[in-house]
Amino acid sequence: MAQRISLTQYLVEQQRAHGHIPQQLRLLIEVVARACKRIAISVNKGALGDVLGTAGSENVQGEVQKKLDIIANEVLIEANEWGGHLAAMGSEEMDSIHVVPNRYPQGEYLLLFDPLDGSSNIDVNVSIGTIFSVLRKVNNQRGISEEDFLQPGKQQAAAGYCIYGPQVTLVLTVGDGVAMFTLDREMGSWVLTEDDIKIPADTKEFAINMSNMRHWAPPVKRYIDECLAGSTGPREKDFNMRWVASMVADVHRILTRGGIFMYPWDAREPNKAGKLRLMYEANPMGFIVEQAGGMVTDGKRRILDIVPTKLHERVAVVLGSKNEVERVTRYHLEAATGD
Ligand code: AHM
Ligand code: MG
C-alpha cells in the first residue's frame, strides 16, 4: 500500500528539510485545517443542519450575510484565538480586526480569511471554500492595530484555501511550492494527494463573468473578443469558457489543468478597483498561483507588490496560466501608452 502522508507529517518534514515552518506557523496551519473540517461538516449537512439561507445581516461591504458566512467566521475565530500562535485576525465578514483576547498568549502571526467564499453558491449546492492568508507581526514595539495587516502580499508566510466540493481539498503554500491534501472523511485526516503543483503556461480556457462585458475596459474586451473569435481569429485556436462564481472553484480548476481567471475593473462603479478583496482573496490566491508557476496581476501590476491602504481594499484580478496573464497585462499597458 502506498504510504499516506498526513498534513502534520508534511509540515514536520518540510521544517526538517528547509527549516521554514516554525512551530507557531505549523500550529496555525493545523488549527486552520481543523477549522475547515468543522466548516465542511456544516456545509455537508445543508438543510438538515439549518445552515442554508440568509442570516438577516450585512457585512461591512454591504453584502447580505448567509448563515454559513457567519458560522464559518465563528468557527475560524474560536479555533484560532487560544493557541498562542496569533496576535490578531481579520475577516471579510468583520468590520475590523479581532485581537486575541488578553486571557490568551499573543503569538507572532496575523491571520486573514474569507470564511466562506462563493456565498451565492451555498444554497444551490455548488462548490464553495475558505481562503486564508498568514502574515508575520512585524512591529513588536506596541499593541496590535489594523496597520500591522497592511503588508504587501509578497510578505505572506503561508496561504491556502479549502474547497468544499465533491471532495474536500486543502491547498497550501508556505512559499516553497504548492501541496494539495484531500480530506479522508472516515479517518477525519488530511492526506497529501499532490505535491509541487504546476500550472501550465498556456491554456485554451478562460473564466470571467461575461454578463459584465459591456462595462469592461477596452483591454479586457480586446482579450475576450480574441478568445471568442477562436480558430479563425488572431489567436488561431478555439477557447473554452468556465465560470463557477466561486473563486476557490475557478482557481482550483486552474491549478488542476490551467486557465485564466479574471475579475476586472468595470465601469458600473468606476471608483471601485474591482469586486474581489485584496487581502482575503487576491493575495492568498496570488501567492498560491505564483508558487505554482502562474502569474497574477491587477491588469497592470503584480498583485503581491501592492501595499494595501485598508483592510477591506478591493482590487481587479487577472490570474492563472503565465502566457495568458502576460498577454492581458500587455494589452492593458499598450492601451495606457496608446500603442
Ligand atoms: P464572496 O466572497 O462574497 O462569496 O464573493 C466573491 C465571489 C468570488 O468567489 C467569485 O469569483 C465572484 O464573487 C463571483 O462574482 P459574480 O457573482 O459577479 O459572478
Ligand atoms: Mg470571497
Side-chain angles (χ1 to χ4, degrees), residues 36 39 42-43 51-73 75-76 90-95 112-133 159-165 169 171 205-217 220 224 241-255 259-269 272-286 288-289 294 296 298-299 303 311-320 325:
C36 289
I39 298 169
S42 291
V43 169
V51 297
L52 304 184
T54 55
S57 51
E58 284 187 355
N59 65 14
V60 64
Q61 290 134 103
E63 297 158 341
V64 175
Q65 289 179 305
K66 298 284 178 77
K67 284 185 194 166
L68 261 178
D69 286 325
I70 294 177
I71 293 168
N73 195 59
V75 167
L76 281 158
S91 162
E92 190 180 302
E93 300 302 335
M94 298 191 298
D95 298 6
L112 288 145
F113 45 82
D114 177 355
L116 221 285
D117 179 62
S119 307
S120 73
N121 281 324
I122 295 172
D123 295 348
V124 293
N125 201 0
V126 169
S127 297
I128 47 181
T130 297
I131 311 174
F132 66 94
S133 160
Y161 66 81
C162 179
I163 178 166
Y164 312 109
T169 309
V171 171
E205 200 160 65
F206 66 86
I208 192 165
N209 185 342
M210 291 285 288
S211 67
N212 298 328
M213 188 174 218
R214 68 191 186 286
H215 307 295
W216 295 338
V220 176
I224 296 296
M241 193 199 88
R242 287 287 185 276
W243 184 250
V244 185
S246 284
M247 190 190 197
V248 276
D250 282 311
V251 169
H252 197 68
R253 185 188 58 257
I254 290 171
L255 278 181
I260 178 168
F261 168 97
M262 284 187 269
Y263 214 116
W265 170 91
D266 80 42
R268 282 169 302 176
E269 291 182 86
K272 216 155 120 180
K275 174 182 178 177
L276 299 177
R277 269 83 9 159
L278 175 62
M279 306 202 68
Y280 313 111
E281 293 165 328
N283 273 344
M285 291 310 204
I288 293 166
V289 168
V296 190
D298 68 349
I303 283 199
L311 205 55
H312 296 291
E313 186 161 329
R314 294 183 191 251
V315 69
V317 177
V318 183
L319 66 77
V325 178

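Just so you know, ligand 1 is whichever comes first in the structure, and atom 1 is the first atom listed for that ligand. Owing to the predicted nature of the structure, the values given are computational and were not obtained by experimental measurement. For reference, positions follow the sequence shown, starting with 1.
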Please could you name the atoms of ligand 1 that [X] approaches to less than 4.0 Å, counting only its heavy atoms?
X    : value
R277 : 1 (P), 2 (O), 3 (O), 5 (O), 6 (C)
M247 : 8 (C), 9 (O), 10 (C), 11 (O)
S246 : 9 (O)

Would one find an N or O of [X], backbone or side chain, under 3.5 Å from an N or O of ligand 1?
X    : answer
S120 : no
F261 : no
N212 : no

Assess the side chains of [X] and [Y]: does a donor N or O sit below 3.5 Å from an acceptor N or O?
X    : Y    : value
Y164 : T130 : yes
Q65  : N59  : no
S133 : N283 : no

**Item:** Parallel, tilted or perpendicular, as decided by the 30° and 60° cut-offs, for the rings of F261 and W243
**Value:**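 W243 vs F261 ring planes: parallel.
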Any idea which part of [X] is under 4.0 Å from ligand 1, heavy-atom wise: side chain, backbone, both or neither?
X    : result
D250 : neither
Y280 : neither
S119 : both

**Asked** Can E63 and R277 be counted as an ion pair, charged N to O under 4.0 angstrom?
**Response**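 Judged by the 4.0 Å cut-off on N to carboxylate O distance, E63 and R277 do form a salt bridge.
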**Message:** If we only consider heavy atoms of G118, is any one of them less than 4.0 Å away from an atom in ligand 1?
**Reply:**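 Heavy atoms of G118 do come under 4.0 Å of ligand 1.
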**Request:** Applying salt bridge (charged side-chain N to carboxylate O under 4.0 Å, His left out), name anything that partners D298, two or more places apart in sequence or on another chain.
**Result:**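 D298 satisfies salt bridge (charged side-chain N to carboxylate O under 4.0 Å, His left out) with R301 only.
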